[in-house]
Structure formats: structure tokens, C-alpha cells
Amino acid sequence: MLDIRSIRENPELVKEALKKRNEDLSIDGLIATEAKKRALIQEGEKLRSERNTVSEEIGKLKKEKKDASVQVAEMKKVSDRIKEIDSEMREADESIDSIILTIPNIPHESVPVGKDEEDNVEVRRRGTPREFDFEPLNHWDIAENLDIIDFNRGAKLAGSRFALMKGMGAKLERALIGFMLDSNTAKGYTEIFPPILVNRDTITGTGQLPKFEMDLFRTSDPEFYLIPTAEVPVTNIYADEILSENDLPMYFTSYTPCFRREAGSHGKDTRGLIRQHQFNKVELVKYALPEKSYDELEKLTADAEEILQKLELPYRTVVLCTGDMGFAASKTYDIEVWLPGQQKYREISSCSNCEDFQARRAKIRFKREGKKGTEFVHTLNGSGLAVGRTAIAILENFQQKDGSVAIPDALRPYFGADIIK
RNA sequence: GGAGAGGUGGCCGAGAGGCUGAAGGCAGCCGCCUGCUAAGCGGUUGAAGGGGUAAUACUCUUCCGAGGGUUCGAAUCCCUCCCUCUCCGCCA
């Protein structure tokens, strides 16, 4: 959520930012409604102030057994007017919320302006894609040949975009989770295992609601949302709280299953494990001081990249252009791993600085030493990494001519073997 | 699922329609005192929003789990919801 005051004071800046994101959203109505709301606040406060003083007088008069009926009648009118104002204000608030909660974050000045993923800019490339002396297979062929992923039975049990991991496949997934968590905690991230079903407030805090209801699974009676990423519960850990400056920065890492409807991606990545309704992910989340958040973004991205380096997987890092960034982000780096089966780099991590956008929604604040008032923290998140996609990358990059798959050195202590065959 | 108890400031804990942003205690901060420490004494210490100022000062409104309601006036009365705890049942 943007600060309504900065919207009011710099409407042009916001309009321009929206245009860069290909958003067609009018904010003039919002500004007008907010002005009306402030007028209502002022009128209401004046009347309340009057009521407070007169009510006190009434109390005194009654104590002295004097007549107060004139004042009581007058205050009855004042109270009725206050009720009117309150209800008008509620309407104004609802109208403001309905708009302001759907305005995306403003891109950082360093973010390239562009329309879609074509305009993302590569910032670095690590590792060299391996030369194969045979035709590399897709991960689904490798996995089915090894009998470690069963897509058909996954579909039977649940539906399309569900898979069943089996034997060494299941173990690979588990080994990667442990490996990633250990790698992250060694760098000072605190491990979190959060609720995977969360309430509406929580999922509104990080920005998935109200705009992206279509992307989420939800339960009814009672109503919960299945998290699409651990970012949701973990970023909200300190929602509605005031931290002290010394608490920052805070680093968290969290393994959770993630659930996404994938509405609107029909026909994309229908085969294989790339795009599932349920997948595992190890997430990195940071709370940072505003003046440090961009340094923290670089470090967070480097931490995610380091996992790929340890696993000897070739990758590149791109900075997303304005048109391709997520709703809550000010700046995002995507890390893309090389997949020989597709001869393409594919997203395996997305690292974002949301600045105070989520913190304002979730009311995550901090106090500076010796300063009065509070400020919003900056929140960051990134995958470290998407587990299923990492498994894919290992299968495809480490496949061998005989159909077996080697396990990268760093993973062997977790996997307990050096090959899947 | 059944039966009870309860949610008040950083923490503990009073308050049961007006004098309560909230007694008292603890913790914190600032003084004083004091060989040092401890103790003691005095003062002070929440958040959000608005007005005001160069900035302070000052000032107004709101906040006692959340949301409604009653009343001139609600932490206090009524309704709904949420959460925590205890006992019973069930259960991974």
C-alpha cells in the first residue's frame, strides 16, 4: 500500500509509476474521496470535543441536582450528527481501501522501464551450461524412466498439475529442503515453520488480496487461505507490532509447501514439474532498515545464488523491468537456472525489495533510538530456492547417457548417495 | 464437541456509567544522594491521526481483544465475533 499522503502530494509521480507498470488506474477519485474524509474527520473531532466538554458540565450539574435538560437535548443532536459523520466516514474508508489496496508498489529508480519479460535485463551469468555428448532429456522423461516421479497417479489422486514423488525422487526433494535450510541458517537466517493456512488479514498484508483472489486456494467454514508462498506468513510475523531499531535487520528462512491456482496460465508448462498447484519452497524473508534495504536485497540475492553455486547449477540473474514486476515489489531480481532439456534459463528464485509497501499494509513498524514516532520497516523476500525446480535442474543438468543422474557433491551428505539409477 | 474462566499500558494488576490515558507495583529513563555497588528520595516514560511551529512548546480527536448498539456521556451496560486458559470427551 502506498502512503495516501504521498499520493495526495505527488499524484503525478504515482500516475507515472502506474503507467510504467502498464496499469490503467485512476487515482483522481481516490484523492477526492480522501479529501472528503479529512473534512469529515475535522468536523467530527470538533463535535466530539464539544460533546466532551458539555457532557462533563452535565455531569457536574447533575451532581449539584441542577437541571441539565437543555444541554442534554443539545448534545443528543450533536451525537446524532456524529453518528451520521461516522457512517459517512466508514463509506469513505471503504471506498479508499477498495482503490488503494489495488495500487501496486512504485518501482525503484534503478528498475528498467519495460513492457514484459522481454525487457528484463540480465545482470550476470554464472556457470557454463554443460556440453552433452548425447541428446539431453526433459526432466519428466528422466524421472519417469527412473520411476521417481509419477505424474499420472498424481493426476489420479488430485488432478492436473499434481505429481507424486517416489523413492529417490521423494528423497531428493527432502534432501534439498534440508540442504537449503542449513545453508540459509548458517548465514544467520532464523528457521521458521509457520501456519500454511492463514486468515484474510495475513494474506492482505503481503498484497495477495484483495487483487489476486483468483490465484489462491481457500477453505470455507472456517475460511482460510492456503499460502502461495512462505513470504505470506513469515512477513506477517510482526504485523501490528512495533520493533526497536536494534531488532533490525531480521532474517528468516522457511520451508513450506506452497499452493497456487495458476489461473490464467492454462497451457503453460503443462508437462512436468515446473508449474504445479502444490510445490515446496524454501523462502528467505528480511526486515530491514529503510536506508539499508537495497544493500540487503543484493545480499539476499547473493545468498540465493550461492545455493545454485554450491549445487553446481548454471544460472543467470536478471533484473525485472517495470512491466514484469510483482504487485508488492519495488525492485526484483529473478534468478534463472539453466535447463538443458528445454535449452532455456527458467526462473528458480525471485528476490524482491518491497520497501514499506507490505509493512504499511501489515503495520510492521519500528522506533528509532531517541526519536519519537515510528517508521515502517522495509520487507524483502526471495526464494532460496524453489525446491521442485531445483530438483528438475539437478535431473536435467546431471543426467548421464545411461539414464542415471549424478548428485552434486554438496548434496550428497543430505541425499545419502551419489547417484540415482 | 460439552462445561467454566478470562482478554486493561513494556510487564504485573486495580477500576464495575462522568473526577480514568487509566490507581498501585515492576521495568526503563533523568536528576539527587552516595568510597563503589545495592538501597533510598524526587521527577519522568504508550500509539495513531489532525491543528500549530523554522523546530520545539502547545493543543484537539481516537485507542482498555475486534466490531456494532444503548446513553448527553462507556474500559465499565447490551449484542456479535476473535483469541487465551482450565476441566471433560475425541483425536495425529
Side-chain angles (χ1 to χ4, degrees), chain A residues 1-9 30-98 100-101 193-205 209 218-225 233 236-248 250 256-257 356 358-377:
Chain A
M1 185 164 63
L2 303 180
D3 182 5
I4 186 73
R5 264 159 85 177
S6 71
I7 296 176
R8 185 206 306 155
E9 283 159 20
L30 173 72
I31 292 171
T33 309
E34 204 261 338
K36 187 179 146 202
K37 181 191 158 181
R38 280 186 300 140
L40 287 170
I41 288 174
Q42 294 212 6
E43 188 185 350
E45 288 191 349
K46 220 190 213 163
L47 292 174
R48 268 181 230 275
S49 175
E50 186 187 344
R51 186 180 72 182
N52 287 347
T53 51
V54 175
S55 287
E56 205 172 311
E57 278 171 36
I58 292 171
K60 274 184 201 147
L61 287 174
K62 291 212 162 168
K63 224 175 203 170
E64 295 164 14
K65 308 271 188 210
K66 287 182 186 158
D67 178 54
S69 53
V70 178
Q71 286 88 335
V72 169
E74 223 173 279
M75 287 309 102
K76 174 109 183 110
K77 270 189 229 154
V78 170
S79 269
D80 287 345
R81 177 63 191 144
I82 288 174
K83 268 174 208 166
E84 269 173 44
I85 290 172
D86 283 350
S87 95
E88 282 174 53
M89 210 147 74
R90 237 169 284 153
E91 275 171 45
D93 269 332
E94 273 169 37
S95 156
I96 289 168
D97 278 354
S98 74
I100 203 168
L101 287 175
F193 189 73
I196 289 163
L197 297 175
V198 297
N199 61 33
R200 212 183 151 84
D201 283 346
T202 298
I203 211 148
T204 304
L209 282 182
R218 150 178 88 178
T219 66
S220 58
D221 195 28
E223 184 183 275
F224 288 115
Y225 291 84
N236 277 288
I237 289 175
Y238 292 96
D240 252 317
E241 296 191 35
I242 298 170
L243 303 165
S244 93
E245 184 180 6
N246 308 327
D247 294 332
L248 300 174
M250 285 177 149
T256 66
D356 63 5
Q358 295 179 322
R360 184 173 292 106
R361 288 177 163 239
K363 299 197 186 69
I364 308 163
R365 292 166 293 175
F366 75 100
K367 242 177 132 69
R368 286 193 202 265
E369 206 76 34
K371 266 200 164 178
K372 72 177 200 180
T374 55
E375 292 174 57
F376 291 110
V377 306

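Each chain gets a letter, A, B and so on, in the order its sequence line appears, and its residues count up from 1. Remember, it's a predicted structure, so these values are computed and weren't measured experimentally.
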Counting only side-chain N and O atoms of [X], is one of them less than 4.0 Å from OP1 or OP2 of [N]?
{"X": "A:Ser49", "N": "B:U61", "value": "yes"}
{"X": "A:Asn52", "N": "B:U62", "value": "yes"}
{"X": "A:Ser79", "N": "B:G73", "value": "yes"}
{"X": "A:Arg51", "N": "B:G73", "value": "yes"}
{"X": "A:Arg90", "N": "B:G68", "value": "yes"}
{"X": "A:Lys62", "N": "B:U71", "value": "no"}
{"X": "A:Arg365", "N": "B:G46", "value": "no"}

Do A:Thr204 and A:Asp201 pair up side chain to side chain, a donor and an acceptor below 3.5 Å, judged on atom types alone?
no
Looking at [N], which nucleotide sits across from it as a Watson-Crick or G-U wobble partner, both distances under 3.5 angstrom, or is there none?
{"N": "B:U70", "value": "none"}
{"N": "B:G10", "value": "B:C26"}
{"N": "B:C91", "value": "none"}
{"N": "B:C81", "value": "B:G65"}
{"N": "B:U20", "value": "none"}
{"N": "B:A57", "value": "none"}
{"N": "B:G35", "value": "none"}
{"N": "B:U86", "value": "B:A3"}

What's the gap between [N] and [M] when it is taken at their [atom1] atoms, as a whole Å value?
{"N": "B:A66", "M": "B:G28", "atom1": "C1'", "answer": "30 Å"}
{"N": "B:C79", "M": "B:U71", "atom1": "C1'", "answer": "16 Å"}
{"N": "B:A74", "M": "B:C82", "atom1": "P", "answer": "26 Å"}

Side chain of [X], heavy atoms from C-beta onward: which of [options] has the nearest atom to it?
{"X": "A:Thr374", "options": "B:A48, B:A47, B:U70", "answer": "B:A48"}
{"X": "A:Lys83", "options": "B:U70, B:C72, B:A47", "answer": "B:U70"}
{"X": "A:Glu45", "options": "B:A47, B:G51, B:U61", "answer": "B:U61"}

Any base atoms under 4.0 Å from A:Ile58, or only sugar-phosphate, or nothing? Heavy atoms, all strands.
base
So what does A:Gln42 hit on the nucleic acid, given a heavy-atom distance under 4.0 Å: a base, only sugar-phosphate, or nothing?
sugar-phosphate
Salt bridge flag under 4.0 Å for residues A:Arg38 and A:Glu34
yes
Using a strict threshold of under 4.0 Å (side-chain N to carboxylate O), is an ion pair present between A:Glu88 and A:Arg81?
yes
Is any side-chain heavy atom of A:Leu61 closer than 4.5 Å to one of A:Asp67?
no
